[in-house]
Amino acid sequence: MRLQNKIAIITGAGSGIGRGIALAFVKEGAKVVVADWSEEGGKETVEQIRKINGEVVFVKTDVSKTADIEQMVKTCLDKFGQVDILVNNAGIHRAYNLHEMSEENWDTVLNVNLKSVFLGSKRVIPEMLKQGKGKIISIASIAGLVGFAQSGAYCASKGGIIALTKEMVLEYAPKKINVNCIAPGVIKTVMTKDMITDPATKQFLESSTPYPRLGEPEDIAMAAVYLASDESDFVNGEVLVVDGGWVAK
Ligand code: NAP
């Protein structure tokens, strides 16, 4: 198994891509911390993991709050004794034209999507330095590479994740902490449900994706397994685009 006995924290694991990553990690032998601010979602993920005999703990976590991040990592260390992998996955989207977006909404999106990567990484890096190894994977988006209308804060936050990922490589690759990110295209989750149920938008999304289907959480999960495994030790600062070819056009 590719992640045998590795300890992983996955934020936003109560739904969609985060749940897919948690399940895939467990299937590869990892023990996981499911961190999400949704207790209902988190508990559903825990149930699914227990059904496949995985070891798991849920921590109610708002990733934009330092105290919650502290509790998330403490729970991981108390339960499993170390943290090998952090997946910064939790994220939100708020659709507004830029001139109509409130400052409060801008701050919320940046705090949940980008500040969380700073807070989570800042807290796990000292543990990884002690261990002499670690993997940090953040879920960015193709919206960090190309523009999407009504997504100013979202695009800025995802572009910020890509820039921060590269910065962190310079500080931590020499210490054998791998920092990479994944840029998904359109993946079928709660986040995209409304778009996919609207026939005209669905048609636009499908016609913008050269591969003949939209993405599933498992598509991202398999990329995350690779970046979390020893197979990717020489991969540093990569933006792994998993988008069915959207940005290749
Ligand atoms: P999702 O199904 O909405 O899942 C996101 C999970 O994160 C939900 O359980 C959500 O809880 C939780 N969450 C939101 N804010 C949080 C916070 N402050 N603290 C802790 N948990 C929080 O979305 P998804 O599609 O799986 O998205 C996962 C990541 O992939 C996000 O970073 C997203 O930007 C990125 N992404 C998604 C797509 C796509 O097409 N789906 C494409 C590119 C990138 P609630 O539901 O209760 O809010």
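Each ligand, and each atom within it, is numbered from 1 in the order the structure gives.
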Could you list the donor-acceptor pairs under 3.5 angstrom formed between side-chain atoms of residues 123-141 and any protein atom two or more places apart in sequence or on another chain?
{"unit_1": "R123", "atom_1": "NE", "unit_2": "E70", "atom_2": "OE1", "d": "3.0"}
{"unit_1": "R123", "atom_1": "NE", "unit_2": "E70", "atom_2": "OE2", "d": "3.4"}
{"unit_1": "R123", "atom_1": "NH1", "unit_2": "E127", "atom_2": "OE2", "d": "3.0"}
{"unit_1": "E127", "atom_1": "OE1", "unit_2": "K130", "atom_2": "NZ", "d": "3.2"}
{"unit_1": "Q131", "atom_1": "OE1", "unit_2": "V83", "atom_2": "N", "d": "3.3"}
{"unit_1": "Q131", "atom_1": "NE2", "unit_2": "V83", "atom_2": "O", "d": "3.0"}
{"unit_1": "K133", "atom_1": "NZ", "unit_2": "D233", "atom_2": "OD1", "d": "3.1"}
{"unit_1": "K133", "atom_1": "NZ", "unit_2": "D233", "atom_2": "OD2", "d": "3.1"}
{"unit_1": "K135", "atom_1": "NZ", "unit_2": "S229", "atom_2": "O", "d": "2.9"}
{"unit_1": "K135", "atom_1": "NZ", "unit_2": "S232", "atom_2": "OG", "d": "3.3"}
{"unit_1": "K135", "atom_1": "NZ", "unit_2": "D233", "atom_2": "OD1", "d": "2.8"}
{"unit_1": "S138", "atom_1": "OG", "unit_2": "N88", "atom_2": "ND2", "d": "3.2"}
{"unit_1": "S141", "atom_1": "OG", "unit_2": "A143", "atom_2": "N", "d": "2.8"}

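- Between the side chains of D84 and Q82, at least one donor-acceptor pair of N or O atoms lies under 3.5 Å.
- Checked against the 6.0 Å centroid threshold, W246 and F148 count as a close aromatic pair.
- Neither side chain, N111 nor T108, offers a donor N or O lying under 3.5 Å from an acceptor on the other.
- Taking every heavy atom of both residues into account, A228 and F25 meet most closely at CB-CZ, 3.7 Å.
- E47 has no carboxylate O lying under 4.0 Å from a charged side-chain N of K43, or vice versa, which leaves the two without a salt bridge.
- Protein residues with any heavy atom under 4.0 Å from ligand 1: G12, G14, S15, G16, I17, D36, W37, S38, T61, D62, V63, N89, A90, G91, I92, V112, I139, A140, S141, Y154, K158, P184, G185, V186, I187, T189, V190, M191, T192.
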